[in-house]
Amino acid sequence: MRTEQPKVIYLKDYQAPDYLIDETNLTFELYEDHTLVHAQLVMRRNPELGDGLPPLVLDGQQLELLWVALDDRVLDEGEYQLDDSHLTLQPTARTFTVDSTVRIHPESNTALEGLYKSGTMFCTQCEAEGFRKITYYLDRPDVMSSFTTTLSAEQHAYPVLLSNGNPVASGAEEGGRHWATWQDPFKKPAYLFALVAGDLWCVEDSFTTLSEREVALRIYVEPENIDKCQHAMDSLKKAMRWDEKVYGREYDLDIFMIVAVNDFNMGAMENKGLNIFNSSCVLAKAETATDAAHQRVEGVVAHEYFHNWSGNRVTCRDWFQLSLKEGFTVFRDSEFSADMNSRTVKRVEDVAFLRTNQFAEDAGPMAHPVRPDSFIEISNFYTLTVYEKGSEVVRMIHTLLGAEGFRKGSDLYFQRHDGQAVTCDDFVKAMEDANGVDLSQFKRWYSQSGTPRLAVSEDFDAASGRYTLTFRQSCPPTPGQKDKQPFVIPVEMGLLDHLGNPLPLRLEGEEHAHGSNRVLQIDQAEQSFSFVGLQAKPLPSLLRGFSAPVKLSFPYDRDQLMFLMQYDEDGFNRWEAGQQLSVQVLQELVGQRQRGDALLLDERLLVAFRTLLQDNGLDQAMVAEMLSLPSEAYLTELSEEADVEAIHVAREFARRRIAEALYEPLWQRYQANREASRKTAYVAEAEHIARRSLQNIALSYLMLSEKPDVLAACLEQYEACDNMTERLTALAVLVNSPFEAEKAKGLAQFADYFQDNPLVMDQWFSVQAGCTLPGGLERVQALMGHAAFTLKNPNKIRALIGAFANQNLINFHRADGSGYRFLADQVITLNALNPQIASRLLAPLTRWRKYAPARQAQMRAELERILASGELSSDVYEVVSKSLA
Ligand code: TRP
Ligand code: ZN
């Protein structure tokens, strides 16, 4: 907890470390009521700095210091200083050794940072600044050391003892205890340290690298989960092969381990050679995990594996550079997933997520650049901006340089900086040097926050056959940044003729046309591009593949959008045209509702959807994506002032009209796909996933008809399917239906059958948390009393409270403010238990500026109440105070 005024840390204050740690030798004695940590640090003065010997200031929090020695001499109390976050001592030579023993309490650590217990297992989470809760250390990423770690624990309860690197020795001790020593030859910052002790089983496999080295692969889980590891293992091997092929990167140790734990603040952690995962990102099998969960496992396993190069071998100089590893690694994992599955579907999912969530963050009080300039609590900066927008920034470099140029740049980056802790500037410099280009203006993407707007207008001169597109960019002010300089915005585009054919693209001044798809580089506030040699006015297709994270606007009418939906060469832009059409139609309904007019859906949306459903040649996953209306959260993000109730009513009205008008083709598609699912055993592969996604969206529309045939089909799917993808959708559809008896029975059966599987129970909580029927808050409150719910497990909090506040907008934003009060109560409780989770949970309240004055006042009042609730963690304090500012 915070005792003094929280300190703001600035990037501009960065200073190299006074001292370096060459070797770290750790011994952990794990007991049920405490743990002893002995650390030996072999240190020296940083040779890059001056001759003097400044005091050595080690980081340490919540540690009970038993003794400390300098060069083997135990220090008296007067020879060092202790405060609640540092141990300071005075070295007397340029090289020296510091030894210390501290006592810590993993058994009562509910913050899940440092060393803690998840169930009966000991595990660690050190990123970003958790190592200082384990021992006194220079806990900063630019201090890189080799590590040797010995763990000792009771043999029976903790048969498995793991740490980073290779196992080098082990043995038995007196009194039923045993020990093991691990050595990690690669120098690393403390945030990549890990240990695990527990009663774990493992699935084993092996991988032969490009240079024919044999690597042992092990996934450790609690015994009851041993049957749910195969998908993660397959994903790992695919990721290892892909990184060799696409980036030329091989794995470097003889063993790679993944451990699944139930209590984890985030998705997973890339500790060197010993990744620790939220069990939700490892465990997957047909009966218990949905298609989406399978794909998440594949993506997260790859993400953490890819960090071995982008993060571990080359790490961050300081935490302001977080996107150096996270943005790059998200880009790498999304390209991997695109190669393993459907590229267009993956892009659609990522873009929908970015525009709904990161754009909202960038427009809110916590907006910050991809490389922030300051923070109070670094845990608050593991954000959508650093991860997702950071990945878009790397993607733009890839687009500007092309695949080959990008590979030259990444080769140079890895070669130049292997073993170093570097900055985003170093990354861009490698890209520049390898390609002979200047990216200095492009780097504004790292320093300027906010989502740029790009307004496009057209002009056609029939006499000369010249078509001109004019781009005007602007960026709204964000906290601490009033005026913005123009960004470099790559706009991938094409032109279509009146039959939908791609037109050859010839810019004024060019001798010939260059293909029908190209990237325009916008780098000024206003800029025009003229295409010549056109017989008639073309229709532009802009920002193909979402080539830049901007809000592009072009005055398309609905007929043009329908045309693009059908004819654009670019699959992503066909989806995008459908989204824009849906947004226009829904916004029109919102307006009708606000004026009290009768709701009237533009029939063109129905025509477009019917065309999609009747085309059997289309990728079914894309049809499913295109039939999905923009979410209420996205419509909120697009609104100047969001009318929660009108948005909900408009969208529900549109869904019912679609279900009514397209009942026949939906029913046909549903039955054909369900029939195919019935005949095939579950496989988590693209074509099967596509079939199920169309089947499931069809079912969710059909159920709105409330016809007995559909209810029967839903129950048949629920009961007879062999997988969680079909079962969970059937349950979700039931839960949102008026069929009370069937709903109650389904929910009870499900909970009864899966009560011992926490990840499945998370899905059961989520389905109910997302039910938009009236009474949502009461249902969530009642579920908090369920035996399977606990505030100590982050997955449970996300599944129930997080899903309610983020996805059930109509219930969370109830007019009496009770949803806000409920969320604030949970934040106040969690602030003391788990500050990182408390701080993330409160994000929906920080968006108060989006709503009408009455709701604004209620949301602000809850933020004020949190602020006044007592000792706040730096995590919660930073988010609450910034969002009230
Ligand atoms: N580096 C992790 C990743 O791959 C992020 C992470 C895992 C993390 N656990 C954390 C960040 C705890 C902060 C706190 O993205
Ligand atoms: Zn990461």
Side-chain angles (χ1 to χ4, degrees), residues 61 109-116 118 123-134 139 141 164 188-194 196 235-236 239 243 258-282 296-316 319-337 370 372 375-391 394 794-795 797-798 834-841 873-876 878-879:
Q61 281 172 6
N109 177 354
T110 58
L112 313 185
E113 185 187 45
L115 179 62
Y116 67 95
S118 174
C123 62
T124 53
Q125 172 54 42
C126 295
E127 188 177 4
E129 298 182 334
F131 194 74
R132 62 188 63 189
K133 293 172 151 190
I134 292 177
D139 189 7
N164 316 87
K188 64 168 180 287
Y191 83 86
L192 291 171
F193 170 80
V196 168
S235 304
L236 174 59
D243 212 17
I258 288 176
V259 180
V261 306
N262 290 326
D263 303 300
F264 202 74
N265 282 347
M266 305 270 281
M269 180 62 212
E270 70 264 25
N271 316 299
K272 183 77 188 188
L274 178 57
N275 287 188
I276 298 183
F277 272 58
N278 188 321
S279 54
S280 70
C281 297
V282 181
R296 177 152 169 76
V297 167
E298 182 180 79
V300 177
V301 166
H303 179 99
E304 305 310 331
Y305 173 73
F306 295 155
H307 269 315
N308 191 55
W309 276 98
S310 49
N312 301 2
R313 289 288 289 258
V314 183
T315 195
C316 301
W319 291 119
F320 297 102
Q321 318 298 329
L322 182 57
S323 197
L324 172 76
K325 73 176 178 80
E326 295 305 346
F328 187 21
T329 305
V330 171
F331 173 69
R332 277 151 58 67
D333 84 58
S334 61
E335 283 296 292
F336 165 75
S337 294
V370 166
F375 59 74
I376 293 176
E377 172 53 63
I378 183 56
S379 300
N380 284 328
F381 285 80
Y382 286 74
T383 58
L384 299 162
T385 299
V386 166
Y387 277 67
E388 264 60 46
K389 186 177 182 179
S391 161
V394 176
N795 289 355
I797 296 167
R798 286 184 278 256
N834 187 332
Q836 289 181 14
I837 296 296
S839 159
R840 281 173 188 278
L841 197 62
S873 58
S874 52
D875 309 63
V876 171
E878 178 171 35
V879 176

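Below, all heavy atoms of this structure are taken into account, side chains as well, without hydrogens, waters or symmetry copies. Everything numeric here is computed off the predicted structure, so don't read it as measured data. All ligand and atom numbering here is 1-based and tracks the order in the structure.
In this structure, F375 has its ring center under 6.0 Å from that of F320.
Side chains of N271 and N164: a donor-acceptor N/O pair is absent below 3.5 angstrom, by distance only. Checking S279 against N262 by side-chain atom types alone, a donor-acceptor pair falls below 3.5 Å. Counted by atom type alone, E878 and N380 present one or more donor-acceptor pairs between their side chains at under 3.5 Å. Defined by atom type and a distance below 3.5 Å, a donor-acceptor pair is present between the side-chain atoms of Y382 and E127.
For atom 13 (C) of ligand 1, the closest heavy atom belonging to the protein is E127 O, 3.8 Å. Of the protein's non-hydrogen atoms, the one nearest atom 5 (C) of ligand 1 is Y387 OH, 3.3 Å. Scanning the protein for heavy atoms near atom 8 (C) of ligand 1, the closest one is M266 CG, 3.5 Å.
Contact atoms of ligand 1 toward H303: 3 (C), 4 (O), 15 (O) (distance under 4.0 Å to a heavy atom of the residue). Less than 4.0 angstrom separates some heavy atom of E304 from each of these atoms of ligand 1: 3 (C), 4 (O). Which parts of ligand 1 touch K325 is read off a 4.0 Å heavy-atom cut-off, strictly below it: atoms 1 (N). Interface of M269 with ligand 1, defined as ligand atoms under 4.0 Å from a residue heavy atom, comprises 1 (N), 2 (C), 7 (C).
In this structure, R332 is not positioned above the aromatic face of F336 in the sense of NZ or CZ being under 6.0 Å from the six-membered ring centre and within 45° of the axis.
For the atom pair CG (N834) and CG (L841), the distance works out to 10.5 Å, reported to the nearest 0.5 Å. Between the OG1 atom in T385 and the CG atom in L322 there is a gap of 11.5 Å [rounded to 0.5 Å].
Applying the side-chain hydrogen bond (donor to acceptor under 3.5 Å, both in side chains) test to E270 and every residue at least two apart in sequence or in another chain returns K325.
Restricting E326 to its N/O/S atoms, the shortest distance to the Zn ion (ligand 2) is reached by OE1.
For a distance bound of 2.8 Å, the N, O or S atoms of E270 include none lying that close to the Zn ion (ligand 2).
At least one heavy atom of H307 sits closer than 4.0 Å to an atom of ligand 1. By the 4.0 Å heavy-atom criterion, A268 is counted among the residues contacting ligand 1.
Angle subtended at the Zn ion (ligand 2) by H303 NE2 and H307 NE2: 100°, rounded to 10 degrees.
The residue among E270, Q836, Q125 with a heavy atom at the shortest distance from atom 2 (C) of ligand 1 is E270.
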